[in-house]
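Read the structure below first, then the notes.
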Amino acid sequence: MDFPTGRPPTLAPYGVVTSPHALASQAGLDVLRAGGSAVDAAIATSATLSVVYPHMTGLGGDAFWLIHEGDSGRVRFLNGGGPAAASADIAAFRERGLNDIPLRGMLAGSLTVPGAVASWCEAHAAYGRLELARVLQTATAYARDGYPVTARLAGWIAQCADALQADPAAAALFLPYGPACAGSLLRNPSLACTLDAIAQHGRCGFYEGQVGESMAADVQARGGFFSAADLAAQRAVWGEPLVGSYRELTLYQTPAPTQGFTLLEMLNLVEPFDLTRDGFLGAEHLHLLVQAKQIAFHDRDRYLGDPRFVDVPMSRLLSKAYAAERRGLIDPARALPWDAVPSYGSLSGDTVYIAVVDRDGNAVSLIHSLYSAFGAAVVAGDSGVLLQNRGAYFSLEPSHPNALMPGKIPAHTLMASMGKRHGRLWSVLGCMGADGQPQIQLQAYVALRDFGCNIQQALEAPRWLSGRFALGDPRDTLHVEERIPATTLAELERRGHRLKRWGPWNELAGHAHGIVIDPDSGLRWGGADPRSDGAAAGY
């Protein structure tokens, strides 16, 4: 594929870490060089991102993992989603006179328990090689001594200043003398102490003891939901990934309550088509993928929820036969009318994705998020931890599959993927971007498999996202980066697509990262999205 990129892929014989911040990728690589496993490196990267990329992730968020065992070839799923607190139900909002869950503040921040740290500790217990203190060393140092504010982080702080100002602890961290400027240093010594507690005591150091007590006491004092008992009960749970296929690829995805199945359904829908007929980024290619997205998202909004509480017909949703039925909705000549296959999501959301492959072929595909930028914009107690607002994704409609219930994990836009080719690990791929995540993965996998792009080409290619970023946007908006050929855009408009043109590079198009393993040489090819502050680091 002759597609120029702004940077080359990172080629390395032993190990690669890629993430949306170069310092975090380097922290993971340092752990690999020190003899750590892929899981050790993923935790180091995730923890460092929780410090240096606080608008996108943190210890107060949720995380979902796919872990590939190099010796056995087994792929395991680890659910680090936090459930709704025992006191959190629809009636609690009705009693407060609320018909919707607030996006910011203590109600949103405490509606669900943070799940990510429990998943770190569970994964480390199963696959860690280094002491947790060593794994968290870099993150702790940045929190204690200071981390650099990038231009991107400074922009997000300025954009979210009003929300951060509403919470004194959040304002003290990010607005000490007004919005932090690019090139300045920020510190979070309380977060360093929290990381120290985890290093010494593992899961209990976060969910119990001084840290857990401080978070719970603050939440209860401010009329929030989760309690010390809710925190102490939090565990990450192992499960089986979803497995699908696309041409000769075997693809693994995170299961419900995540939206991972949508990628597999979209690929099932387009598999019989020749996507290469009018070339890479041709109108036929994009037109078919957009319609597949609409159909899969209709199924997501209809069925997705916590499978412990609702029946999610996953076998049917993933079947080739079901895709054949639904494929009849695709119109090769015209855009699919949106109301014929409605979808109600939003593209807004902030997340980090981490991919790691170590020298033994162990791999991690990890997605970790606070949901919105800076989550609920609330810091819990003296922990230095920003709470997520993932609970705002719950529905307050009792009949909805994602209706709020105590102990229930909300439906998650978070999803992570892996792929095998001819039975051998081939890809570790994921991205941020809420409803954009399956669309971005779809575009990347098609670029890799059908058009022969390398991983960096697949991530740098001009991107589109179908849907809306705000409730006022039309649901049939197709957002497109202007690097997509003008002839393609003109043809898409002729077929009835409602285009919203972005500039050549738009951060709203998501941050995607990935690693592809060469089947002949075994070299790891790492890619990082230039829409982020990230890098792929290898050795």
Side-chain angles (χ1 to χ4, degrees), residues 54-62 81-115 156-157 159-171 173-175 215-227 230-231 257 301 305-306 344-351 369-381 383 385-398 400-414 434-435 468-473:
H55 56 306
M56 291 288 174
T57 198
L59 276 66
D62 285 351
S87 62
D89 57 18
I90 293 174
F93 287 91
R94 300 288 187 241
E95 290 165 4
R96 290 170 166 83
L98 297 172
N99 294 319
D100 296 295
I101 300 172
L103 190 63
R104 304 283 194 182
M106 185 55 77
L107 291 184
S110 61
L111 188 58
T112 61
V113 175
W156 280 104
I157 291 173
Q159 184 174 325
C160 299
D162 289 345
L164 295 167
Q165 191 68 57
D167 183 72
L173 287 176
F174 303 109
L175 310 166
M215 291 196 296
D218 186 38
V219 165
Q220 293 296 305
R222 291 203 265 170
F225 289 102
F226 68 65
S227 66
D230 291 316
L231 289 174
D301 294 341
D306 186 337
Y344 302 99
S346 167
L347 293 163
S348 297
D350 299 291
T351 303
S369 178
L370 292 171
Y371 188 33
S372 295
F374 299 100
V378 171
V379 175
S383 67
V385 173
L386 277 165
L387 297 179
Q388 66 182 337
N389 59 338
R390 180 62 59 178
Y393 208 71
F394 274 123
S395 171
L396 295 182
E397 172 54 52
H400 195 280
N402 190 37
L404 172 63
M405 291 180 66
K408 187 178 185 180
I409 299 174
H412 267 272
T413 53
L414 300 183
D435 282 0
R468 59 184 175 191
F469 280 88
L471 292 178
D473 290 346

Any sub-3.5 Å donor-acceptor pair from S87's side-chain atoms to F225's backbone N or O? yes
Check: R390 side chain, G81 main-chain N or O, donor-acceptor pair, under 3.5 Å: no
Hey, what do you get for CE (M405) to CZ (F394), rounding to the nearest 0.5 Å? 9.5 Å
Y393 and N402 have their tightest heavy-atom pair at O-ND2, 2.8 Å
Do L59 and P114 touch side chain to side chain, with heavy atoms closer than 4.5 Å? no
Looking only at heavy atoms, what is the nearest atom pair of G60 and L370, with distance? C-CD2, 3.8 Å
Side chain to side chain, R96 and P102, heavy atoms closer than 4.5 Å: no
Has D230 got a side-chain atom pairing as donor or acceptor with V113's backbone, closer than 3.5 angstrom? no
Tabulate below the donor-acceptor pairs under 3.5 Å that side-chain atoms of residues 163-171 make, not counting sequence neighbours, or state none.
residue: D167; atom: OD1; partner: R222; partner atom: NH1; Å: 2.7
residue: D167; atom: OD1; partner: R222; partner atom: NH2; Å: 3.3
residue: D167; atom: OD2; partner: A170; partner atom: N; Å: 3.0
residue: D167; atom: OD2; partner: V379; partner atom: N; Å: 3.2

For L175 and I157, run side chain to side chain contact (heavy atoms under 4.5 Å, CB included): C-alpha distance rounded to whole Å, both residues' side-chain angles, the deciding distance at 0.1 Å, then the answer. CA-CA 8 Å; L175 310 166; I157 291 173; 3.7 Å; yes
Please round to the nearest 0.5 Å and tell me the distance separating atom OG of S110 and atom CE of M215. 11.5 Å
Rounded distance [0.5 Å steps], CE in M56 versus OG1 in T351: 8.0 Å
Output the distance between atom CG (N99) and atom CZ (F93), rounded to the nearest 0.5 Å. 11.5 Å
Closest heavy-atom contact between P410 and P257? O-CB, 3.7 Å
Main chain of A403, side chain of K408: is a donor-acceptor contact present, judged purely on distance under 3.5 Å? yes
Are the side chain of D89 and the backbone of P406 linked by a donor-acceptor contact shorter than 3.5 Å? no
Considering all heavy atoms, the nearest E397-S395 contact: N-OG, 3.0 Å
Taking every heavy atom of S372 against every heavy atom of L103, the minimum-distance pair comes out as OG-CD1, 3.7 Å
Passes side chain to side chain contact (heavy atoms under 4.5 Å, CB included), L107 versus L98? Steps please. CA-CA 11 Å; L107 291 184; L98 297 172; 3.9 Å; yes
I409 backbone acceptor or donor facing D306 side chain under 3.5 Å: yes
If you compare all heavy atoms of L387 against all heavy atoms of M106, which two are closest, and at what distance to 0.1 Å? CD1-SD, 4.2 Å
Is the backbone N or O of A380 less than 3.5 Å from a side-chain atom of D218, with the two atoms forming a donor-acceptor pair by type? no
Is it true that a side-chain atom of Q388 and a backbone atom of G109 form a donor plus acceptor pair closer than 3.5 Å? no
Among residues at least two apart in sequence or on other chains, which ones pass ring pair (Phe, Tyr, Trp, His ring centres under 6.0 Å) with F174? F374
Would you find a donor on one side and an acceptor on the other, under 3.5 Å apart, between the side chain of D62 and the backbone of G115? yes
